[in-house]
Structure formats: structure tokens, C-alpha cells
**Student:** 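Mind having a look at this structure? Questions to follow.
Quick note: residue numbers are just sequence positions, from 1.
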Amino acid sequence: MVSRTTPHLCRFVPPFVLERIALEGTREQREWAIRTLAIDHSIRAVRLQHGTRLGPAGLLAATPGQVDRTIADAQHGNDPGAAVVVRREGQPPTRDAAVDEAYDGFGATHALYWEVYRRDSIDGQGMPLLGVVHYGREFDNAFWDGERMIFGDGDGQTLRHFTGAVDVIGHELTHGVTQHTCNLDYVGQPGALNESISDVFGSLVKQRLRGQDVNAADWLVGDGVLGPALKGQALRSLAEPGTAFEYDSQPSRMTAFVHTDQDNGGVHINSGIPNHAFYLAAMEIGGRAWEAAGQIWYETLLDPGLGPGARFHQFAVATVHAAERLHGAGAAETRAVRSAWLEVGITA
């Protein structure tokens, strides 16, 4: 049996984006992209050789529902364990925008899970939220390493300011929620579901923070992350997968499912299909997406029958069952979920 707490290295920027920049960018942009890819590979190698822990996770929060944030500064080094703590829970803002944005983004994500779903932090048991900013030099990514979130500053031309996008923070921390619930394998369809769940809840963190209903939301993930050298609005769109930016190749339906050996079997590409299913269900249900639609998706993560190898069909069926438990078999919410999956080519 696969452990429900086996973490994966979950990066926000897909490797194929960095590979395209490495092929088509300027000399300087190519160097930055290649350096980021090399660091990504080295982190994964260290984790495989030495296990999943890269440093102390800290003690559990003493009070249920009490957020416990710690932000450290890597000072452009590549060792998260050597980062210097610069802000702890309850301390005032610093003069460093990345530190304060990470701190606030952690708070917004924790608030969604606790105040809406009554989940006590990432693991459901008050896990402290650890963040490392200013990781590497011109490091074009942000990632969840299994116990903390790590942010690069970007190169300023192709990618930038990862801490400035609260949905990126919500996305990466949600990888931790998935790790501690259904623990979806990070490959193929399970991996695409893993990425999709993070996109969904990252978007919900942003929508709730902004007080937006389904019609006011932009349904973009990573808006503000693209630098001036890349054309587009964000890295992904739940409303219109494949249209977010110039290298976006996400499909929105199973007829366009991408069969590939790259990116762990296309985890960042094919996630567009379940992403779009959530968008369609939320739009049909209406109101504030983090409520009815988000609750259905969150309850699905808790389904004991949803194993690490779950594929799109199994996840779709589990969302319908969750909707039935919450609202009833004939309820409008249940019909909306079933219809959304059918529209993207999956019978639930």
C-alpha cells in the first residue's frame, strides 16, 4: 500500500515551459531556464537518495485552527535548510515584499481550509506552514517539497514575483493537502488530478480573498507571474484551458487528451480537463465557488475509496457521490457536477 503521506516534488511552472524558453529565449533567458531546470533535477535527486525530509518540520500548532507561519530567507542560496528565519507568526511586516506576501498568502490559504472546510492546516492536525523565499538566483519556479513551500524570485523577464500571486501559494500548499488525503501519484492521470486540485483550490483562495462570485472571478492561475518576454495573462485558465499564454497547450476535453512521456506523463497539460470540469460545475451551481462546488471537491479528497492511482473517471464518480451525500441525488448541485464531467468527455 502507498503511504498517504508520501510527498512529491510539485513545481508550479511546468518543465516544458522552461524547456521552450531554453530553446527560444535570448542567451540570458536560456541560461536562467537551464539553471532552473538543473536545480529542479538536483532537488529531486537529493530527495530520492536521502528521503523526503529536507529539514525540521517544527511542532504542531497547539490550538486547533490557529495558523502558525514561519518565513525564512534563502538569501539566493540553494539549501532550504540553511535559510534564515525572518518572520514568525504574529510578528509585524518586514520591509521585504516577498516575505510579507508569502506570510499573507499562507494566511489566506489556511483561512479557506479552516473557516470553510474545518480543515486544521495542511495535514488536518495543525501543521505549521513553512516558507522559504529568495531561493536561488533567477530561479523561475515555486514548489512544495513535501513539508514547506519554496519561492524563487524569477528572472524578471520571462517569469517573476511568485509570492505576489496568492493563487500560486494556494496551489502549492494544496499539494500538501492532497499529500495528506488521497495522496494522488504524481504521474499520468493521477498526477494531472493532483495538479488540477491545486489549481482549483488555488483559484478558490484568490476568489475568496477578493470576495468574488463565479461570474466576477477571472478563473486564471498565476496571473501576474508572466514577465514581459512571455505573451499572455497567466500560466493556466480553468475557463478556457489552452489560452492562458503563448505556450499553454492544455486541452479542455478528453478528445484532446495529450499522450506524452514528458512532465511525468503530462501532469501540467492534462490537468486542464478536470480543471474545466470544476469550472463548468461551479458556473452552473453559481454563487461563490468555494462554497458548494469547493465543498464537493474537498469532500472528494476525503473519500477513502479514492486511492493514489485514481484516474479521471474514478475521481469524477467520487465527486458525484460527494455531491449526492451533501445535497441529494436529484439536487441541482449533483446534476451540475455530473453534467460538467459529461461535457469534458467523462461519464460519471
**Student:** For the pair E138 (side chain) and G154 (backbone), establish whether a donor and an acceptor sit closer than 3.5 Å, ignoring hydrogens and angles.
**Tutor:**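 Here the side-chain-to-backbone pair does not exist.
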**Student:** Fit a plane to each ring of Y135 and F143, take the angle between them on a 0 to 90° scale, and name the class: parallel (under 30°), tilted (30 to 60°) or perpendicular (over 60°).
**Tutor:**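 Perpendicular.
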**Student:** Is there a donor-acceptor pair closer than 3.5 Å between any side-chain N or O of N183 and the backbone N or O of P308?
**Tutor:**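 No; zero donor-acceptor contacts below 3.5 Å.
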**Student:** For E172 and S198, run side chain to side chain donor-acceptor pair (under 3.5 Å): C-alpha distance rounded to whole Å, both residues' side-chain angles, the deciding distance at 0.1 Å, then the answer.
**Tutor:** CA-CA 7 Å; E172 292 301 329; S198 282; over 6 Å; no
**Student:** Side chains of R208 and V116, heavy atoms from C-beta outward: is any pair under 4.5 Å?
**Tutor:**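 Contact flag for R208/V116 side chains = yes.
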**Student:** Can R119 and Y298 be counted as having a side-chain donor-acceptor contact under 3.5 angstrom?
**Tutor:**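 There is such a pair (donor and acceptor under 3.5 Å, judged by atom type) between the side chains of R119 and Y298.
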**Student:** Evaluate the criterion side chain to side chain contact (heavy atoms under 4.5 Å, CB included) for residue pair W341 and T347; output intermediate values, then yes/no.
**Tutor:** CA-CA 6 Å; W341 286 110; T347 302; over 6 Å; no
**Student:** To check you understand the geometry: which heavy-atom pair defines the closest contact between A72 and A83, and what is its length?
**Tutor:**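 For A72 and A83, the tightest heavy-atom pair comes out as CB-CB, 3.6 Å.
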**Student:** Between Q212, K206, Q233, Q207, which is the residue that forms a side-chain hydrogen bond (donor to acceptor under 3.5 Å, both in side chains) with D218?
**Tutor:**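 When Q212, K206, Q233, Q207 are each tested with D218, the side-chain hydrogen bond (donor to acceptor under 3.5 Å, both in side chains) holds only for K206.
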**Student:** Does CZ belonging to R311 count more than 12 external heavy atoms closer than 6.0 Å?
**Tutor:**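 Check fails, neighbour count at 12 or below.
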**Student:** Provide the closest heavy-atom pair for I269 versus P251 in the form atom of the first, atom of the second, distance.
**Tutor:**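 Smallest interatomic distance, heavy atoms only, reads O-CD, 3.2 Å.
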**Student:** Show, in sequence, the C-alpha distance, side-chain angles and deciding distance for F201 and Y113, and conclude whether the side chain to side chain contact (heavy atoms under 4.5 Å, CB included) test is met.
**Tutor:** CA-CA 9 Å; F201 286 97; Y113 280 108; 3.4 Å; yes
**Student:** Any chance you could lay out the side chain to side chain contact (heavy atoms under 4.5 Å, CB included) test for T70 and L129, step after step, and finish with the verdict?
**Tutor:** CA-CA 6 Å; T70 301; L129 301 180; over 6 Å; no
**Student:** Is the side chain of D248 donor-acceptor paired with the backbone N or O of A244 at a distance under 3.5 Å, no angle test?
**Tutor:**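 Pair found, side chain donor or acceptor close to backbone of A244.
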**Student:** Nearest 0.5 Å, what's the CG-CG distance between L184 and N194?
**Tutor:**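 With rounding to 0.5 Å, CG (L184) is 5.5 Å from CG (N194).
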**Student:** Working to the nearest 0.5 Å, report the span between OG1 of T163 and CD1 of I71.
**Tutor:**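 Between T163 OG1 and I71 CD1, I get 10.0 Å after rounding to 0.5 Å.
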**Student:** Would a distance-only check, ignoring hydrogens and angles, find a side-chain to backbone donor-acceptor pair under 3.5 Å from N270 to V258?
**Tutor:**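 Here the side-chain-to-backbone pair exists.
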**Student:** Is any side-chain heavy atom of E101 less than 4.5 Å from a side-chain heavy atom of H161?
**Tutor:**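 Heavy-atom side-chain distance check passes, below 4.5 Å.
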**Student:** Using a distance-only test with no angle check, is there a side-chain donor-acceptor pair under 3.5 angstrom linking D155 and T158?
**Tutor:**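 Indeed, the side chains of D155 and T158 share at least one donor-acceptor pair under 3.5 Å.
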**Student:** Hey, is the main chain of R338 close enough, under 3.5 Å, to the side chain of R335 for a donor-acceptor pair?
**Tutor:**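 No, the answer is negative, given that no donor and acceptor are paired below the 3.5 Å cut-off.
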**Student:** Kindly indicate, with the supporting measurements, whether the criterion side chain to side chain contact (heavy atoms under 4.5 Å, CB included) is fulfilled by L326 and Q295.
**Tutor:** CA-CA 9 Å; L326 291 168; Q295 185 73 58; 3.8 Å; yes
**Student:** Hey, are the side chains of I273 and S252 touching, using non-hydrogen atoms and a 4.5 Å cut-off?
**Tutor:**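 Counting from C-beta outward, I273 and S252 never come under 4.5 Å.
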**Student:** Can you confirm whether or not the ring centre of H313 sits under 6.0 Å from the ring centre of F315?
**Tutor:**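 No - the distance between ring centres of H313 and F315 does not fall below the 6.0 Å cut-off.
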**Student:** I'd like to know if the side chain of D199 pairs up with that of H171 as donor and acceptor (distance under 3.5 Å, no hydrogens or angles considered).
**Tutor:**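 Yes, because at least one side-chain N or O of D199 sits under 3.5 Å from a partner of the opposite role on H171.
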**Student:** Taking N264 for the side chain and Y186 for the main chain, is one N or O donor matched with an acceptor at less than 3.5 Å?
**Tutor:**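 It does hold such a pair.
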**Student:** Assigning hydrophobic clusters by single linkage (Ile, Leu, Val, Met, Phe, Trp, Tyr; side-chain heavy-atom cutoff under 4.5 Å), is V84 placed with F139?
**Tutor:**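 No, no single cluster joins them.
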**Student:** For the pair Q250 (side chain) and H268 (backbone), establish whether a donor and an acceptor sit closer than 3.5 Å, ignoring hydrogens and angles.
**Tutor:**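 Checked: pair present.
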**Student:** Grab the two heavy atoms, one from D100 and one from P93, that are nearest each other, plus how far apart they are.
**Tutor:**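 Closest approach of D100 to P93, heavy atoms only: OD1-CA, 3.5 Å.
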**Student:** Do other residues, nucleotides or ligands put more than 12 heavy atoms under 6.0 Å from the CD atom of E299?
**Tutor:**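 More than 12 within 6.0 Å, yes.
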**Student:** Are any of the side-chain heavy atoms of T174 and I197 separated by less than 4.5 Å?
**Tutor:**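 The answer is yes, as the side chains (C-beta and beyond) meet within the 4.5 Å cut-off.
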**Student:** Checking D96 against H134: is there a side-chain donor and acceptor pair closer than 3.5 Å?
**Tutor:**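 Side-chain D/A pair, H134 to D96: present.
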**Student:** If you measure from the Lys or Arg side-chain nitrogens to the Asp or Glu carboxylate oxygens, is any gap between D73 and R95 under 4.0 Å?
**Tutor:**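 Salt bridge: no.
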**Student:** Hydrophobic clustering (ILVMFWY, side-chain heavy atoms < 4.5 Å, transitive) - are L204 and W114 grouped together?
**Tutor:**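 Looking at the clustering, L204 is in a separate group from W114.
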**Student:** Is there a side-chain contact between E195 and H175, using heavy atoms and a 4.5 Å cut-off?
**Tutor:**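 Counting from C-beta outward, E195 and H175 do come under 4.5 Å.
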**Student:** Got a donor-acceptor contact below 3.5 angstrom from the D185 side chain to the V187 backbone?
**Tutor:**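 Side chain of D185 to backbone of V187, a donor-acceptor pair under 3.5 Å: no, none is there.
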**Student:** Answer yes or no: is there a side-chain heavy-atom contact under 4.5 Å between V67 and S121?
**Tutor:**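 V67 does not reach S121 side chain to side chain.
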**Student:** Once rounded to the nearest 0.5 Å, what's the spacing between atom CH2 of W297 and atom CG of L302?
**Tutor:**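 Rounded to the nearest 0.5 Å, the CH2-CG separation comes out at 14.5 Å.
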**Student:** Taking everything shown except R288 itself, do over 12 heavy atoms lie less than 6.0 Å from its CZ?
**Tutor:**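 Not buried by this count: 12 neighbours or fewer within 6.0 Å.
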**Student:** Is V317 reachable from F278 through a run of hydrophobic residues whose side-chain heavy atoms are each under 4.5 Å from the next?
**Tutor:**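 F278 does not cluster with V317.
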**Student:** For the atom pair CG (D68) and NE2 (H110), what is the distance rounded to the nearest 0.5 Å?
**Tutor:**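 Here the rounded value is 8.5 Å.
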**Student:** Heavy atoms only: give me the nearest F245-L226 pair and the separation to one decimal.
**Tutor:**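 Heavy atoms of F245 and L226 come nearest at CB-CD1, 3.5 Å.
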**Student:** Can you tell me if T334 uses its side chain to pair, donor with acceptor, with the backbone of G328 under 3.5 Å?
**Tutor:**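 Yes, because the side chain of T334 sits within donor-acceptor range (under 3.5 Å) of the backbone of G328.
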**Student:** If the plane angle is over 60° it's perpendicular, under 30° parallel, otherwise tilted; pick one for H276 and Y279.
**Tutor:**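 Taking Y279 first and then H276, their aromatic rings lie parallel (interplane angle under 30°).
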**Student:** Search all heavy atoms of R160 against all heavy atoms of G224 and return the closest pair with its distance.
**Tutor:**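 Heavy atoms only, the tightest pair is NE-O, 3.9 Å.
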**Student:** State plainly whether one hydrophobic cluster holds both I122 and V205, where clusters connect Ile, Leu, Val, Met, Phe, Trp and Tyr through side-chain heavy atoms under 4.5 angstrom apart.
**Tutor:**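 I122 and V205: one cluster.
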**Student:** Indicate whether the side chain of S196 and that of N275 have a donor and an acceptor atom separated by less than 3.5 Å.
**Tutor:**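 Yes, because at least one side-chain N or O of S196 sits under 3.5 Å from a partner of the opposite role on N275.
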**Student:** Which heavy atom of P241 sits nearest to which heavy atom of G272, and what is that distance?
**Tutor:**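 Heavy atoms of P241 and G272 come nearest at CG-O, 3.6 Å.
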**Student:** Would a single hydrophobic cluster contain both M149 and L209, if residues Ile, Leu, Val, Met, Phe, Trp and Tyr are joined by side-chain heavy-atom contacts under 4.5 Å?
**Tutor:**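 Hydrophobic grouping puts L209 with M149.
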**Student:** Is the distance between the ring centroids of F151 and F162 less than 6.0 Å?
**Tutor:**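 Judged by ring-centre distance (under 6.0 Å), F151 and F162 do not meet the cut-off.
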**Student:** Measuring only between side-chain heavy atoms, which start at C-beta, is H327 closer than 4.5 Å to I296?
**Tutor:**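 Yes - at least one pair of side-chain heavy atoms lies under 4.5 Å apart.
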**Student:** Please tell me if the side chains of F106 and I169 come closer than 4.5 Å, counting only heavy atoms from C-beta onward.
**Tutor:**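 The answer is yes; the side chains approach within 4.5 Å.
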**Student:** I'd like to know if E89 pairs up with R69 as an ion pair, taking the criterion as any Lys NZ or Arg NE/NH1/NH2 lying under 4.0 Å from an Asp or Glu carboxylate oxygen.
**Tutor:**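 Answer for the salt bridge query: yes.
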**Student:** Tell me if the CZ atom of R88 is crowded by more than 12 foreign heavy atoms within 6.0 Å.
**Tutor:**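 Atom CZ in R88 is not crowded, with 12 or fewer foreign heavy atoms closer than 6.0 Å.
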**Student:** Output the distance between atom CD1 (I150) and atom CG (N141), rounded to the nearest 0.5 Å.
**Tutor:**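 One finds 11.0 Å between CD1 of I150 and CG of N141.
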**Student:** So W219 and S203, side chain to side chain donor-acceptor pair (under 3.5 Å) or not? Walk me through it.
**Tutor:** CA-CA 7 Å; W219 294 101; S203 181; over 6 Å; no
**Student:** What is the distance from atom OH of Y117 to atom CG of L112, rounded to the nearest 0.5 Å?
**Tutor:**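 Between atom OH of Y117 and atom CG of L112 there are 4.5 Å.
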